[in-house]
Engineer: 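Mind having a look at this structure? Questions to follow.
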Number of protein chains: 2
Amino acid sequence: MQNITDIIEAYLKQILHDEKTIEIKRQEIAQRFDCVPSQINYVINTRFTVEKGYFVESKRGGGGYIRIQKIVVLDSHDLLDEVSSWIGDHLTEQAAEDYLIRLMNEQLLTRREAILIQSLLQKESLPMAVEDQHRMRAHLMRTLLQTMKRL
Amino acid sequence: MQNITDIIEAYLKQILHDEKTIEIKRQEIAQRFDCVPSQINYVINTRFTVEKGYFVESKRGGGGYIRIQKIVVLDSHDLLDEVSSWIGDHLTEQAAEDYLIRLMNEQLLTRREAILIQSLLQKESLPMAVEDQHRMRAHLMRTLLQTMKRL
DNA sequence: ACCTCTCTGACCATCTTTGACTATTGTTTG
DNA sequence: CAAACAATAGTCAAAGATGGTCAGAGAGGT
């Protein structure tokens, strides 16, 4: 955890732990952590994705900003449908993992369940061409979500 | 015990004697013991395998690491191996269900876990020729059993 | 000699960091 | 008001920083 990305991620998440939304100035954060501004984009693109449960907006120009919001879903049924709709026809291993973590955070899956499922969705478990893997993984994930709705 | 592999193994295990997890930088350890970095991979691949009771994760790139965890071994290990050996290369939906029920009866799976897994192993979840389905199902089931051994 | 385990290094894969260039929005000037 | 200018943020590809793989050389035992 000595790389800047992780440090900035931790900083932002620590604030988001209390606040629901955080609004930053890219340049300011870059200066505070002594890195180039585009580093902030990297942090956001890799750590604050929709899969991980964040919604990001920004504006350029004078008074510009980057706003990060935790996505709050009230009803678990809705979350399952929503995740289902996000998935589409293709799903990478990383995205699948992010969704599982998300479901875990929302207490819709136990840690153990998430691990078991993740092991079935990893590429080693899907012996086929990468394209087909992604299709298959999406299919399995959707099946899972549907099943969860009935439990 | 004069070869580097054994020395590094001993060093890591000594730490793992107190800590449950250890996180190292490959390059750093290589330097400390004056060997090439890939030597560390050799040590890990031969001395810290799942069979020997360790779980290893790693990350590349800046801030990369190798993390080794001791796994708590269940006494149900044998049953999992046994079921694993029964499965073979092909597994029908019915057989899979039977195995899941068996694991449930042995309290190695909760009812909910069994249902979730069953939904992923049913034929509707495996859109492919029946022959391939059976192969795929066997593969997934074996993966599952392996994963359960580390939980 | 032969076999197995160890060790090494060249090459590969993945994640992070940086910076030049681009795009957008707000402000000032002619 | 339109054009220039200023202030932001975004993109992308290259460089940097790690760890992974694999085949072949080396070492030790039978």
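Computed over heavy atoms, backbone and side chain alike; hydrogens, waters and symmetry mates excluded. Letters A, B, ... mirror the listed sequences (proteins, then strands); counts begin at 1. If you're wondering where the values come from, they're calculated on a predicted model, not measured in any experiment.
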Engineer: Which residues pass the ring pair (Phe, Tyr, Trp, His ring centres under 6.0 Å) test with B:Phe33, not counting sequence neighbours?
Structural biologist: B:Tyr11
Engineer: Touch check for B:Ile4, heavy atoms < 4.0 angstrom, all strands: base, sugar-phosphate only, or nothing?
Structural biologist: sugar-phosphate
Engineer: side-chain contact (heavy atoms from CB on, under 4.5 Å) with A:Glu19: which residues, sequence neighbours excluded?
Structural biologist: A:Ile15
Engineer: At under 4.0 Å between heavy atoms, how does the protein contact nucleotides 23-30 of chain D? Give one character per nucleotide, 5' to 3', with B, S or -.
Structural biologist: --------
Engineer: The side chain of B:Asn41 is closest to which nucleotide in this list: D:dA9, D:dG19, D:dG20?
Structural biologist: D:dG20
Engineer: Give me each pair satisfying salt bridge (Lys or Arg N to Asp or Glu O under 4.0 Å) with a member in residues 137-151 of chain A, each pair once, sequence neighbours excluded.
Structural biologist: A:Asp81-A:Lys149
Engineer: Honestly curious: do A:Ile24 and A:Val36 fall in one hydrophobic cluster under the side-chain, below-4.5 Å linking rule?
Structural biologist: no
Engineer: Identify whether any heavy atom of A:Ile66 sits under 4.0 Å from a base atom; if not, whether one sits that close to sugar-phosphate; answer base, sugar-phosphate or nothing.
Structural biologist: sugar-phosphate
Engineer: Quick one: side-chain contact (heavy atoms from CB on, under 4.5 Å) partners of B:Ile4, sequence neighbours excluded?
Structural biologist: B:Ile8, B:Cys35, B:Gln39
Engineer: Test of understanding: with ring pair (Phe, Tyr, Trp, His ring centres under 6.0 Å), list the residues that count as partners of A:Tyr54, not counting sequence neighbours.
Structural biologist: A:Phe48
Engineer: List the residues meeting side-chain contact (heavy atoms from CB on, under 4.5 Å) with A:Arg135, not counting sequence neighbours, and say none if there are none.
Structural biologist: A:His90, A:Glu131, A:Asp132
Engineer: Using the test salt bridge (charged side-chain N to carboxylate O under 4.0 Å, His left out), find all partners of B:Arg26 that sit at least two apart in sequence or belong to another chain.
Structural biologist: none
Engineer: Sequence neighbours excluded, which residues qualify as side-chain contact (heavy atoms from CB on, under 4.5 Å) partners of A:Ile101?
Structural biologist: A:Glu97, A:Asn105
Engineer: Tell me which residues in residues 50-61 of chain A put a heavy atom below 4.0 Å from DNA chain C, sorted by number, or none.
Structural biologist: A:Lys59, A:Arg60, A:Gly61
Engineer: Please state how far atom CD1 in B:Ile44 lies from atom P in D:dT21, giving the value in whole angstrom units.
Structural biologist: 11 Å
Engineer: Using heavy atoms and a sub-4.0 Å distance, could you list which residues of residues 31-39 of chain A are near DNA chain D? By number, please.
Structural biologist: A:Ser38
Engineer: Just call it for B:Arg67: base, sugar-phosphate, or nothing, with non-hydrogen atoms closer than 4.0 Å on any strand.
Structural biologist: nothing
Engineer: Under a criterion of less than 4.0 angstrom to any heavy atom of chain A, what are the 5'-terminal and 3'-terminal contacting nucleotides of DNA chain C?
Structural biologist: C:dC15 to C:dG26
